[in-house]
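This report concerns only the one structure given below.
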Amino acid sequence: MTIHAGEPRNPTIEPPRGGVLHVVDAARYSAAGSRRLFRETAARLELAAGIGIALAYLWTGAALWHWVVSAFLLALVLAAEALNTAIEVLCDRVSPEWSQAAKDAKDLGSLAVALLLMATGGFVLLVFFGLI
């Protein structure tokens with residue numbers, strides 16, 4: 001098959017659309033990404049922890065800004081988890097055999113999630129102990 005300038009490489013991939021349709025497509029891709037992310041046990045546990053924190057905040061009467069910061073931190077954790085999952089999927093596709101580079105990429109993605117979990121947990125503990 002000859003590919004000419006301006007033709008997509010894979011005829012099953014639709015070219016990007018412009019305007020409002022681009023936003024609609026982006027929302028559809030994000031929804032698909034969300035469905036994929038929540039097939040991961042870690043993401044489901046992080047969401048469950050967020051719900052648990054929200055219930056604890058209700059019980060303790062946390063300030064509005066505690067809720068806002070916690071929601072922001074949870075969103076960051078889930079974003080890092082999504083990127084980590086993407087890294088893992090790509091590494092497994094590109095390097096199905098063991099490789100140090102793939103291991104390093106996966107470990108670094110995991111570290112990013114762990115650092116955000118520690119930051120989030122630290123903030124929540126500060127709220128619960130009344131230090132902020």
Side-chain angles (χ1 to χ4, degrees):
M1 174 169 113
T2 304
I3 297 177
H4 301 283
E7 286 185 21
R9 291 179 197 243
N10 184 340
T12 61
I13 297 175
E14 297 176 22
R17 300 188 294 182
V20 174
L21 293 177
H22 179 77
V23 175
V24 170
D25 290 343
R28 193 177 75 226
Y29 301 145
S30 295
S34 181
R35 286 189 299 274
R36 172 58 183 91
L37 176 63
F38 287 106
R39 290 191 345 230
E40 296 291 316
T41 301
R44 292 193 308 271
L45 289 172
E46 290 153 358
L47 186 60
I51 292 168
I53 290 166
L55 292 173
Y57 280 3
L58 282 172
W59 183 53
T60 61
L64 176 61
W65 77 273
H66 295 145
W67 285 84
V68 171
V69 171
S70 294
F72 180 74
L73 288 169
L74 177 61
L76 286 176
V77 166
L78 291 173
E81 192 68 59
L83 291 172
N84 184 45
T85 299
I87 289 167
E88 291 174 351
V89 167
L90 284 173
C91 284
D92 291 346
R93 169 76 174 155
V94 172
S95 179
E97 71 287 343
W98 188 91
S99 85
Q100 187 63 49
K103 180 186 182 313
D104 290 345
K106 290 179 175 188
D107 290 348
L108 289 165
S110 181
L111 173 63
V113 173
L115 291 171
L116 279 168
L117 284 170
M118 287 188 289
T120 303
F123 178 80
V124 169
L125 288 174
L126 290 172
V127 171
F128 286 152
F129 287 114
L131 299 173
I132 56 173

Could you measure the distance from the CG atom of D107 to the CD1 atom of I87? Nearest 0.5 Å is fine.
11.0 Å

Determine the minimum heavy-atom distance between A80 and L116, stating which atoms define it.
CB-CD1, 3.5 Å

Are V69 and I132 connected in a single hydrophobic cluster, I mean Ile/Leu/Val/Met/Phe/Trp/Tyr linked by side-chain heavy atoms less than 4.5 Å apart?
yes

Got a second to check how far L125's CG is from M118's CE, nearest 0.5 Å?
13.0 Å

Run the side-chain contact (heavy atoms from CB on, under 4.5 Å) test on L78 and F38 for me, step by step, so that the C-alpha distance in whole Å, both residues' side-chain angles and the decisive distance to 0.1 Å come before the verdict.
CA-CA 10 Å; L78 291 173; F38 287 106; 4.3 Å; yes

Looking at every heavy atom in both I53 and V124, which two are closest together, and how far apart are they?
CD1-CG2, 3.7 Å

Can D92 and K106 be said to form a side-chain contact (heavy atoms from CB on, under 4.5 Å), step by step?
CA-CA 10 Å; D92 291 346; K106 290 179 175 188; 2.5 Å; yes

Aromatic contact between F128 and F123, with the criterion being ring centroids under 6.0 Å apart: yes or no?
no

Run the side-chain contact (heavy atoms from CB on, under 4.5 Å) check on V113 and E46 step by step: do they pass?
CA-CA 10 Å; V113 173; E46 290 153 358; 3.7 Å; yes

Do W67 and L58 come within less than 4.5 Å of each other through their side chains, counting heavy atoms only?
yes

Between S110 and N84 the two heavy atoms that sit nearest each other are N-OD1, 3.2 Å

Please round to the nearest 0.5 Å and tell me the distance separating atom CG of L111 and atom CG of D104.
12.0 Å

Output the distance between atom CG (L55) and atom OG1 (T60), rounded to the nearest 0.5 Å.
10.5 Å

Under a 3.5 Å distance rule, please check whether S34 uses its side chain to pair with a backbone N or O of S30 as donor and acceptor.
no

Mind checking whether V24 and I13 sit in one hydrophobic cluster, side chains of I, L, V, M, F, W, Y counted as touching below 4.5 Å?
no

Polar side-chain atom of S95 near backbone of C91 as donor-acceptor pair, under 3.5 Å:
no

Testing the basics here: between G50 and L74, what is the closest heavy-atom pair and its distance to 0.1 Å?
CA-CD2, 4.0 Å

Do V127 and W65 sit in the same hydrophobic cluster, where Ile, Leu, Val, Met, Phe, Trp and Tyr count as joined when their side-chain heavy atoms come under 4.5 Å apart?
yes

So which atom in T120 and which in V77 form the shortest heavy-atom distance, rounded to 0.1 Å?
OG1-CG2, 3.5 Å

First locate atom CG of L47, then atom CD of E40, and finally report the distance between them rounded to the nearest 0.5 Å.
14.0 Å

Check this for me: W59, atom CH2, are more than 12 non-hydrogen atoms of other residues, nucleotides or ligands nearer than 6.0 Å?
no

dist E81:CD -> R44:CZ (nearest 0.5 Å) comes out at 11.0 Å

Looking at S70 and Y57, what are the two nearest heavy atoms and their distance?
OG-OH, 2.7 Å

R28, CZ atom: more than 12 neighbouring heavy atoms under 6.0 Å
yes

